[in-house]
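First the structure, in the form of structure tokens, and then the observations on it.
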Amino acid sequence: MAHLLSVFLGLLLAFPGFSPAMSQTRFPEKTIQIIAPYAPGGAADIFARMIAGDLEKRLGQSVIVVNRPGAGTIIGAQALIAAPADGYTLFLSSNSTFTLNPAVIPKIPYDATKDFEPIAQLATIGLVLLTHADNPVRDVAGLVAAARAEPDKLNMASFGNATVSHFGGEWFKATAGIRMVHVPYRGSGPAMNDLVARHIPYLVDTIVAAKPQVEAGKIRPLAVTMASRSAMMPDVPTLRELGYKDIDLSSWVALVTAKGVPADARRVLSDAVAAMLQDPVMKEKMLKAGFEPAYRTYPDWSATIAAEIAAMKAIAAQAGIKAE
């Protein structure tokens, strides 16, 4: 029997092109697509293409970005869930998809705790509480005093209803015990323009959107909403430093797969992402694009996401935040 087996193997090895590895597949063997639930051309789309370009080099296969905007990232999330769970379709999105939408949409067409498996968190986009340059209020203490003196008189703008900007403002107001009027805009650009023009006194927006106007002296940052100071605005205190110790909110960006992707494929993807975020050149590119590198794995995605959804639901209930 042993002799027959050796003869059989000898014949196979002699066959042109045969190798013992032929029966095994190595991931990836074809193009990988990253679904970006945003329109082309924006900061998030640029970031997705930056990630795709780096991963393409590390994985040795084409990595393309497929834009599936609409419905507050829900269309993109559904596209991932509908794709084969083989590791060749990825989804790059923020906490808008995973924790904010579930907090305000009663019948969302996915389960954020069960339908996704994380590769890793890649970055955060910091949020900052802003005022215009001519406001006599110089700091957060002054803002709180002014709001307490005139409840429901001062305006606090966001770049959209039920966005992370809206949640950030409401979390601050609730923690500070003040009442201000929420003014939702349709996007960061219009909100920032009105702040610069002094049509609104206060705005919560991203640091990347605010930085050019801060450097031009047109607006003034009062505090950031994250637990730690931002590398992009290192001189601006956190709300936690100023005594509002529970506040920790940013727009975080994660790369995920659908549930059920084979472990080997997930391991290859995870290793490539980890290496990418250790690369100083890549980190510098991310910072220049306004994304602060923030690598994080999720040993228990379901529990982590469920806890953040619960926190966002509490803020939404208190502030009356509802999806439009």
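- Between Asp152 and Arg179, at least one side-chain N (NZ, or NE/NH1/NH2) sits under 4.0 Å from a carboxylate O, which counts as a salt bridge.
- Proximity of Met276 to Ile51: side-chain heavy atoms (C-beta onward) are separated by under 4.5 Å at one or more points.
- Contact of the Gln61 side chain with the Glu56 side chain is not registered, since no non-hydrogen atoms from C-beta on lie closer than 4.5 Å.
- In this structure, Tyr202 has no ring-ring contact (aromatic ring centres under 6.0 Å, His included) partners at least two apart in sequence or on a different chain.
- Judged by distance alone, with hydrogens and angles left aside, the side-chain atoms of Asp300 form a donor-acceptor pair with the main-chain N or O of Ala303 at under 3.5 Å.
- With hydrogens and angles left out, the side-chain atoms of Ser230 and Glu292 include a donor and acceptor closer than 3.5 Å.
- Proximity of Asp115 to Leu80: side-chain heavy atoms (C-beta onward) are nowhere separated by under 4.5 Å.
- Under the 4.5 Å side-chain criterion, counting only non-hydrogen atoms from C-beta, Arg229 is in contact with Pro237.
- Glu241 contributes a side-chain N or O that, together with a main-chain N or O of Thr238, makes up a donor-acceptor pair within less than 3.5 Å.
- When hydrophobic clusters are built by joining Ile, Leu, Val, Met, Phe, Trp and Tyr residues whose side-chain heavy atoms come closer than 4.5 Å, directly or via intermediates, Tyr38 is not grouped with Val65.
- Shown are Leu100, Thr225, Thr206; of these, the side-chain contact (heavy atoms from CB on, under 4.5 Å) with Val164 is made only by Leu100.
- Residues Arg266 and Asp271 are not paired through a salt bridge, judged by the lack of any N-O separation under 4.0 Å between the basic side chain and the carboxylate.
- At a threshold of 4.5 Å between side-chain heavy atoms, the hydrophobic network of Ile, Leu, Val, Met, Phe, Trp and Tyr places Met282 and Val63 in one connected group.
- Separating the CH2 atom in Trp171 from the CG atom in Leu127 is a distance of 11.0 Å, to the nearest 0.5 Å.
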Requested in this report: Would you check, one step at a time, whether the test salt bridge (charged side-chain N to carboxylate O under 4.0 Å, His left out) holds for Arg58 with Asp279?
Outcome: CA-CA 12 Å; Arg58 297 182 190 278; Asp279 184 344; 3.2 Å; yes

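- The distance from the CE atom of Met156 to the CG atom of Leu129 is 5.0 Å, given to the nearest 0.5 Å.
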Query raised in the report: Under the side chain to side chain contact (heavy atoms under 4.5 Å, CB included) criterion, do Val204 and Leu130 qualify, and how do the steps go?
Result: CA-CA 6 Å; Val204 176; Leu130 303 157; over 6 Å; no

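- Remark: the backbone N or O of Glu29 is paired with a side-chain donor or acceptor of Tyr88 at under 3.5 angstrom.
- Aromatic ring centres of Phe159 and Tyr185: separated by at least 6.0 Å.
- Note that the NZ atom of Lys259 and the NZ atom of Lys114 stand 9.5 Å from one another [nearest 0.5 Å].
- Within the 4.5 Å cutoff, the side chain of Glu308 has heavy atoms near those of the Asn95 side chain.
- Side-chain contact, Ser188 with Asp205: a donor N or O sits under 3.5 Å from an acceptor N or O.
- Atom CD1 of Ile108 is separated from atom CD1 of Ile309 by 8.0 Å, given to the nearest 0.5 angstrom.
- In this structure, Phe172 and Tyr244 have perpendicular ring planes: the angle between them is above 60°, well past the 30° mark.
- Here the shortest heavy-atom pairing between Ser250 and Ile125 reads CB-O, 3.6 Å.
- Under the 4.5 Å side-chain contact rule for hydrophobic residues, Leu92 and Val256 do not share a cluster.
- When all heavy atoms of Leu195 and His132 are compared, the closest pair comes out as O-CB, 3.2 Å.
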Report task. For the pair Val104 and Lys322, evaluate side chain to side chain contact (heavy atoms under 4.5 Å, CB included) and give the outcome as yes or no after the intermediate values. Result -> CA-CA 5 Å; Val104 297; Lys322 296 180 181 179; 5.8 Å; no

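- Residues Pro293 and Leu122 have side chains not in contact (no heavy-atom distance under 4.5 Å, counting atoms from C-beta outward).
- Put simply, the side chain of Ser158 gets close to the backbone of Gly160: a donor and an acceptor are under 3.5 Å apart.
- One finds the OG1 atom of Thr163 at 11.5 Å from the CZ atom of Arg186 (value rounded to the nearest 0.5 Å).
- Between Phe116 and Tyr110, the ring planes lie perpendicular to each other; the angle is over 60°, past the 30° to 60° tilted range.
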**Report entry** Worked check of side chain to side chain contact (heavy atoms under 4.5 Å, CB included) between Phe167 and Leu249
**Finding:** CA-CA 8 Å; Phe167 273 87; Leu249 185 64; 4.0 Å; yes

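- Here Trp252 and Phe291 keep their ring centres 6.0 angstrom or further from each other.
- Nearest heavy atoms, Met232 versus Val208: CE-CA, 4.2 Å.
- Ion pairing between a basic and an acidic side chain is recognised when a charged N comes within 4.0 Å of a carboxylate O; Arg49 and Asp45 show such pairing.
- Side-chain atoms of Gln121 never come within 3.5 Å of backbone atoms of Thr297 as a donor-acceptor pair (strictly under, hydrogens ignored).
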Report task. Apply the test side chain to side chain contact (heavy atoms under 4.5 Å, CB included) to residues Ile321 and Met312: give CA-CA distance (whole Å), side-chain angles for both, the deciding distance (0.1 Å), then the verdict. Result -> CA-CA 10 Å; Ile321 301 175; Met312 296 301 104; over 6 Å; no

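- Dense packing is recorded around CZ of Arg220, with more than 12 heavy atoms of other residues, nucleotides or ligands lying under 6.0 Å away.
- When all heavy atoms of Thr131 and Pro201 are compared, the closest pair comes out as OG1-O, 2.7 Å.
- A distance-only check finds a donor-acceptor pair linking the side chain of Asn101 to the backbone of Gly72 [under 3.5 Å].
- A continuous path of Ile, Leu, Val, Met, Phe, Trp and Tyr side chains, each step under 4.5 Å between heavy atoms, connects Leu203 with Val214, placing both in one hydrophobic cluster.
- With contacts defined as side-chain heavy-atom distances shorter than 4.5 Å, the pair Ile207/Met226 qualifies.
- Across Glu170 and His182, no two heavy atoms sit closer than the pair OE2-CB, 3.7 Å.
- When all heavy atoms are compared, the tightest approach of Arg138 to Asn135 is NH1-O, 3.7 Å.
- Here OG of Ser93 is found 12.5 Å from CD1 of Ile34. Values are rounded to the nearest 0.5 Å.
- Side chains of Phe47 and Val253 form a contact here, defined as non-hydrogen atoms less than 4.5 Å apart.
- Distance alone, capped at 3.5 Å, is enough to place a donor-acceptor pair between the Arg240 side chain and the Ile247 backbone.
- At a threshold of 4.5 Å between side-chain heavy atoms, the hydrophobic network of Ile, Leu, Val, Met, Phe, Trp and Tyr places Leu255 and Ile32 in one connected group.
- With hydrogens and angles ignored, the 3.5 Å screen pairs no side-chain donor or acceptor of Gln213 with any backbone N or O of Val196.
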